[in-house]
There are 2 protein chains.
Amino acid sequence: MTIGGAGRGREGPATLTSLARELGVHVSTVSRALSSRPAGVSAATVEVVRRLAAERGYRSNLAARALRTGRSLAVGMLVPRLTDEVLATVYEGVDEAAIEAGYATLVAHTLDREDLRRQRLELLLARQVDGVVVADSLQDSHAVAQLEEAGVPYVLALRCLPGHLSVGTDDLAGGRLVAEHLLAQGHTRLGVVAGDTRASTGSERARGFLLACEEAGVQVREDVVVPCGFDVRSGAEAGARVLDADPELTAIFAASDNVALGVVGALRDRGRRVPDDVSLVGYNNLDMSAALPVPLTTVDSRLVDIGRAATQALLELVGGGTPVSRRLEPDLVVRSSTRPRSLSTTGRP
Amino acid sequence: MTIGGAGRGREGPATLTSLARELGVHVSTVSRALSSRPAGVSAATVEVVRRLAAERGYRSNLAARALRTGRSLAVGMLVPRLTDEVLATVYEGVDEAAIEAGYATLVAHTLDREDLRRQRLELLLARQVDGVVVADSLQDSHAVAQLEEAGVPYVLALRCLPGHLSVGTDDLAGGRLVAEHLLAQGHTRLGVVAGDTRASTGSERARGFLLACEEAGVQVREDVVVPCGFDVRSGAEAGARVLDADPELTAIFAASDNVALGVVGALRDRGRRVPDDVSLVGYNNLDMSAALPVPLTTVDSRLVDIGRAATQALLELVGGGTPVSRRLEPDLVVRSSTRPRSLSTTGRP
DNA sequence: CCTAGTAAAGCGAACGTTTGCGCTCCACGT
DNA sequence: ACGTGGAGCGCAAACGTTCGCTTTACTAGG
C-alpha cells in the first residue's frame, strides 16, 4: 500500500503526461520529442526524453492518438475467408506492408455472403479504418458503394474492375505462359478447368490460354473448357467433365492450384497418372503445390506482392497521393507435373 | 459550397454531441440512451434518440470510447502464420466469437521467429488489446512472460501448458481413436509420423496412439515412430524414413493432415497406394482432406470450436470472471484412406 | 545598445465518450 | 402539509494526444 511512495514509479503505464511531470517539462514538449521527426525541440531534450521513455517502457496510446488525429492507423481487409490459402497469402503481404508503415490490419471475413459483407464492413467503418483493401468477390459491388459513400479510400486486390484503383497480376499473360509451355512440349490435345469465370481472375487466365493456343494454330474444343469454383471439390467435378468430354487429351490447365488438386483426383479415378499420362498445370504457386506427391507446375501469381502493393497504394491514397493501378507480371514455375508429349506413356526417366 | 445551409445535416459524421444538439438534450443523455442497457433515462427518450441515431447513421467512435474506458474492445491473436490452414481455421472461430461479443480481432503473425514474436506482441500491446489468444509455439514462453508483465489476460489455444488457462482438444484421446480404428480393421504393422513432438499436440497424439496399441498388445517398433514438422514437406521426408525402416507396414498414422499429404507422396514414390496397400490416417480434418483424390480418414480436432471457446474464456477473464481450461473431445472421421487389412492388396470393392 | 529574427518550450483547446454527482420535479406515504 | 425517494436529466471532469499560438531566451546585425 505504498501508493505514490517513491515518487517516480507512480501507478499504471507511462503516459506523455507522466513523463513530462517526471522531467519537469510540458507534455507538448515530450510529444514533440517523441514524434518521428522532432521539430521545435532541441536535440538534447529529444535525447533525454527518449531515454526516459525507453526506461519507463512508454507506449503511445493509439486510441488517444486516433481520437485526436482522426486517423486510426489501421487498414481493413475485406476477404471471403482466410482458410483459403490464396487469400491468406495475400493477407500476409497486406499485413507486412501495413506494419512497415505503422499500421495495423483488421480483417473482415465475409464468407461470400452479402449480408455478412455489409455487416462486417460496417464494423470496419465503426473502427474508423483509414482505408480498406478489398479482396472479396465483386459480383455485387455493394461494398464498394458503401465505401464510396463513407468516403473511405479503398483498393481492389486480386480482382479488378475498370474505373477503380486495383492491384493484381496479369492473368491474361499468365494464361499465355501456361499455353506456351504446354505447346512447347508438344501437347496439342488440351483441356481447361477454368475456375470461376465470373471472377476476372478465372476468365482472364482461360482467355489468355485460349488466345495463345489459337495463335499457335492449336484448336481447343469448347466442351473441354469447363468453369467451376476455386476449391478442390469443384475442381474434381469439373476435371471429371473435361476428361469425359475428351478422354484423349494429354494436358490440362487448371486455373488454380486447389482446382488442380481436384483434377488429380479426377485423373486418378480414371486410372490416369500425372505426368505420365497427362500433364497438369495449376495457378498461384501455393506453398502446398511444391510439396505435393507430384510437385505441380504452376504460375506464380505473386500473391504476397499483390498484398504489399495494394496496401502501399492504399496508404499512398490515404496520404493524399494519387497512386495508379498496377498489374504485376506472373512467372511460370516448372516442376514435375508437366512432361514433353513424346516422353508420355513411357516409364520414369 | 452550401456549408451549414440546411442546418440539420451539418458536416462530417454524426457524433453524440451532434445528436444531442439536434435533439436539444444533453450529450450524456444521448450516451445513456444509446448504451446497451439504458439506465436513468426514460423509455420515450431512448426511443427518440435511437431513431435519430439510426437516421443520421451514427456510429460510436471506438477510439474515443477506448480512451475513456481504457478498454479497446479488441483482442489479439498470436499465431505463426495464417497460411497454415490449421491456424486459419482456429482464427475463424476466434473472430466469430469476438465479433459476437462486440470485439475485433487483431492478428499478429510471428513466423515462429522469436524476434518477430516479441515485436508483434509489442504492437498488440501498444494497441491496448484487452486480451490475447496465444496460438503460437510455446518453445520459449517469452511471450507469455511478456503478457504477464504487461498484465494483459491471455489464453492458450491449441497447445497447452500446465498452470496456464488453455483450450484445446484431447490429443491423447485423439491418438487413441486412431489406433482403435486401425486395430479394429486388423492392422498390426503400424507406423507413426508424429509431427512436431516438441509441441504438446504432436507428442500427445503419438502417445495416445502408442498407449492404445500397447494395451491391445500390439507392438510398435521405435524406428517407425518418426517426428517431423507439421508441413507437407517434412511429412514426406519423415514418411520416407518410416517406410524405409519397415517396408511391410500396412497402416500409418500422421499427426496432421498436411503431414499425411506428404506421406502420400512418400508412398507413391515407393509404388504403394492408399488405401490398397497402406491405410493412412491424418489429423485435424482440414477442408482439404475431404476433397483429396483419396478422401482422408482423419480426426476432427474441432479447430473452430477451439477458437471460439478460447475467445469466450478470454473475454470471461477480461470481464473479471475465472474461466477454467477446457479440453474438447475429438471425433474420428472415417473416409476412404483406411481399409480393413483383409481387403488390402485386393482390387477395389 | 537596441531591434529584429529565430529556436525552444510552454499553454490550452480540442477530439468523442463515459460516468459519478447533483439538481429538479413529481408521486407517495404518514 | 411536509419530508422521502426515486426517476430523469444536466453538468463537468477525465482519458492521452496533438498542434496552433504565445511566450521566453538567445543570437546576430546595424
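So that the names make sense, note that chain A is the first sequence line, chain B the second, and so on, each numbered from 1. Please read these numbers as outputs of a predicted model, since none were measured by experiment.
Distances shorter than 4.0 Å separate some side-chain N or O of T15(A) from OP1 or OP2 on dT17(D). Distances shown here put a side-chain N or O of T45(B) below 4.0 Å from the OP1 or OP2 atom of dC9(D). For the pair S31(A) and dC19(D), the criterion of a side-chain N or O lying under 4.0 Å from OP1 or OP2 is not met.
Between the base of dG20(D) and the side chain of R32(A) there is a donor-acceptor pair shorter than 3.5 Å. Remark: the R59(A) side chain and the dG16(D) base include no donor-acceptor N/O pair separated by less than 3.5 Å. In terms of polar N and O atoms assigned as donor or acceptor, the side chain of S28(B) comes within less than 3.5 Å of the base of dC11(D) in a complementary pairing.
Residue L67(A) places its side chain closer to dG16(C) than to any other of dG16(C), dT17(C), dT17(D). Here the side chain of H26(A) is nearest to one of dG10(C), dT17(C), dT17(D), namely dG10(C). Checked against dG10(D), dG12(C), dT17(C), the side chain of A64(B) finds its nearest nucleotide in dT17(C). When distances run from any side-chain atom of L16(B) to the nucleotides dT17(D), dT17(C), dA9(C), the shortest one goes to dT17(C).
Computed from coordinates, the R65(A) CZ to dT17(C) P distance equals 21 Å when rounded to whole Å. Going from atom CZ of R127(A) over to atom P of dT17(C) covers 14 Å, rounded to whole Å. Between the CG atom of L62(A) and the C1' atom of dG16(D) there is a distance of 11 Å, given to the nearest Å. For the pair L73(B) CG and dT17(C) C1', the computed distance is 12 Å after rounding to whole Å. The CG atom of N61(A) sits 13 Å away from the C1' atom of dA14(D) (whole-angstrom rounding). Distance L23(B) CG to dC9(D) C1': 14 Å, rounded to the nearest Å.
For the residue pair R65(A) / S60(A), a side-chain donor-acceptor distance below 3.5 Å is found, with atom types taken as modelled. With no hydrogens or angles considered, a side-chain donor-acceptor pair links Q146(A) and E122(A) at under 3.5 Å.
With values rounded to the nearest 0.5 angstrom, D305(B) atom CG is found 10.0 Å from T169(B) atom OG1.
Backbone-only engagement by S42(A) is indicated by non-hydrogen atom pairs under 4.0 Å involving sugar-phosphate atoms exclusively.
Side-chain atoms of D112(A) never come within 3.5 Å of backbone atoms of P80(A) as a donor-acceptor pair (strictly under, hydrogens ignored).
Checked against D136(B) for a side chain to side chain donor-acceptor pair (under 3.5 Å), the options R159(B), R117(B), R81(B) give a single hit: R117(B).
DNA chain C is contacted by both V27(A) and G40(A); G40(A) maps to the nucleotide lying nearer its 5′ end (nearest heavy atom per residue).
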